[in-house]
Amino acid sequence: MDCPKCKIELHEKTIQGIKVEECCKCEGIWFDKDELRQVKDKTDADLNWVDFEIWKHPENFKAGTHKYQCSQCGNTMSVLDYADTHVEIDYCTNCQSIWLDKNELEKIVSVLEDDLLTKSMGDYVKAALEEAKELFQGSESFFSEWKDFTTILRFLQYRILANHPSLMNTITEIQKNPLNR
């Protein structure tokens, strides 16, 4: 398979245990269907529940002009801007392969981590309810959905304690001085 940008052969590379293809010239990375999600999930376990699925959340992506031919199927790829991140994702609508230029994977993970840390309590409550629904209706295994759900609950707990430091102080005091000693 050739680099869609440089037109030279891509070489296999392993990122977080997932085999992808990389261009040795421009250092862009080719992800077959679902490999980007797998790499993201293994890069930061707290991001597992954050869906970075182009076809699932089209509101986060703005379509642009076509740049490259898909190295997998030959289809013309779409250029998608991810929210307001200035990260361009070259995406094949036919086989769902993704091309990322050098350092774009790191930018995506960084943006998702920042988003995770800036969500409001309401955002976490909403996400917890959505993930609770996915426990029974989600496309992933029950165990995987359960991990996502408990991760959201943990971040909701952090947000509650950050927003209410007096509650944290009370909990700490109760733990130091239990009533039943």
Side-chain angles (χ1 to χ4, degrees), residues 1-119 123-124 127 130-131 134 137-141 143-145 147-149 151-152 154-155:
M1 185 168 21
D2 289 342
C3 172
K5 186 175 186 177
C6 302
K7 305 295 185 209
I8 63 171
E9 187 176 348
L10 297 173
H11 297 281
E12 190 175 278
K13 175 181 180 166
T14 302
I15 304 175
Q16 300 294 340
I18 307 300
K19 291 182 180 176
V20 297
E21 287 74 40
E22 181 181 50
C23 178
C24 60
K25 183 176 179 186
C26 69
E27 298 180 39
I29 303 171
W30 183 268
F31 297 90
D32 289 331
K33 181 180 178 179
D34 201 42
E35 288 177 341
L36 177 58
R37 181 196 60 79
Q38 293 174 40
V39 169
K40 176 218 29 120
D41 289 354
K42 289 185 177 195
T43 299
D44 185 338
D46 289 333
L47 295 178
N48 283 1
W49 68 276
V50 180
D51 291 327
F52 186 78
E53 297 172 0
I54 295 165
W55 47 94
K56 189 173 180 182
H57 299 286
E59 69 277 5
N60 290 337
F61 299 90
K62 298 171 198 139
T65 59
H66 303 293
K67 264 180 148 176
Y68 304 128
Q69 294 298 118
C70 177
S71 296
Q72 187 82 6
C73 70
N75 195 39
T76 301
M77 298 181 80
S78 298
V79 177
L80 305 172
D81 287 326
Y82 178 56
D84 295 322
T85 64
H86 306 292
V87 174
E88 281 189 350
I89 298 161
D90 298 289
Y91 173 70
C92 179
T93 57
N94 185 46
C95 68
Q96 297 179 349
S97 293
I98 295 173
W99 173 258
L100 295 180
D101 291 324
K102 181 180 179 179
N103 298 324
E104 286 182 334
L105 174 61
E106 292 81 4
K107 289 177 188 176
I108 289 169
V109 169
S110 177
V111 165
L112 293 173
E113 288 173 337
D114 288 346
D115 185 46
L116 189 70
L117 297 174
T118 58
K119 286 190 179 302
D123 293 335
Y124 282 116
E130 288 173 9
E131 199 60 47
E134 286 190 24
Q137 298 174 350
S139 59
E140 298 175 29
S141 70
F143 179 70
S144 177
E145 297 292 0
K147 284 176 33 181
D148 293 350
F149 180 65
T151 299
I152 294 169
R154 181 168 42 91
F155 275 89

Practice item. Could you list the residues that satisfy side chain to side chain contact (heavy atoms under 4.5 Å, CB included) with Glu9, not counting sequence neighbours? Key: Asp2
Exercise for review: Measure the shortest side-chain to side-chain distance between Gln69 and Thr76 over non-hydrogen atoms and say whether it is less than 4.5 angstrom.
Suggested key: yes
Point to revise | Approximate separation, where rounding is to 0.5 Å, of Arg37 CZ and Ile18 CD1 | key: 8.5 Å
Check your understanding: From Asp90 CG over to Cys70 SG, what is the distance, rounded to the nearest 0.5 angstrom?
Key -> 10.5 Å
**Study point:** CD1 on Ile29 to CG on Leu105, rounded to 0.5 Å
**Key:** 5.5 Å
Practice item. Measure the shortest side-chain to side-chain distance between Ile8 and Cys23 over non-hydrogen atoms and say whether it is less than 4.5 angstrom. Key: yes
Review point. Taking only residues two or more places apart in sequence or in another chain, which ones pass salt bridge (charged side-chain N to carboxylate O under 4.0 Å, His left out) with Glu130?
Key: none
Check your understanding: Side chains of Lys40 and Ile108: closer than 4.5 Å at any heavy-atom pair?
Key -> no
Review point. Quick one: salt bridge (charged side-chain N to carboxylate O under 4.0 Å, His left out) partners of Asp32, sequence neighbours excluded?
Key: none
Revision key, fill the gap. What one should report as the nearest heavy-atom pair of Leu117 and Tyr124 is N-OH, 4.3 Å
**Study point:** Shortest non-hydrogen contact between Glu88 and Glu104, atoms and distance
**Key:** O-OE1, 2.9 Å
Check your understanding: Which atom names give the shortest non-hydrogen contact between Lys33 and Cys95, and what distance separates them?
Key -> CB-O, 3.7 Å
Review point. Does atom NZ of Lys7 have more than 12 heavy-atom neighbours from other groups under 6.0 Å away?
Key: yes
Check your understanding: Only one of Cys3, Pro4, Cys92 forms a side-chain contact (heavy atoms from CB on, under 4.5 Å) with Ser71, so which one is it?
Key -> Pro4
Revision key, fill the gap. Closest non-hydrogen atoms of Asn94 and Cys73, given as atom of the first, atom of the second and distance, are ND2-SG, 3.3 Å
Practice item. Under the side chain to side chain contact (heavy atoms under 4.5 Å, CB included) rule, what do Lys5 and Asp101 come out as? Steps first, then yes or no, please. Key: CA-CA 9 Å; Lys5 186 175 186 177; Asp101 291 324; 3.8 Å; yes
Point to revise | Atom pair CD (Gln16) and CD (Gln38), whose distance is rounded to the nearest 0.5 Å | key: 12.0 Å
Point to revise | Nearest-0.5 Å distance, OG of residue Ser97 to CD of residue Glu21 | key: 9.0 Å
Review point. What is the distance from atom CG of Asn75 to atom OH of Tyr68, rounded to the nearest 0.5 Å?
Key: 16.0 Å
Check your understanding: Between Leu36 and Leu100, is any pair of side-chain heavy atoms under 4.5 Å apart?
Key -> yes
Check your understanding: Would you find a donor on one side and an acceptor on the other, under 3.5 Å apart, between the side chain of Thr43 and the backbone of Val39?
Key -> yes
Review point. Under 30°, 30 to 60°, or over 60°: which ring-plane class applies to Trp99 and Trp30, parallel, tilted or perpendicular?
Key: tilted
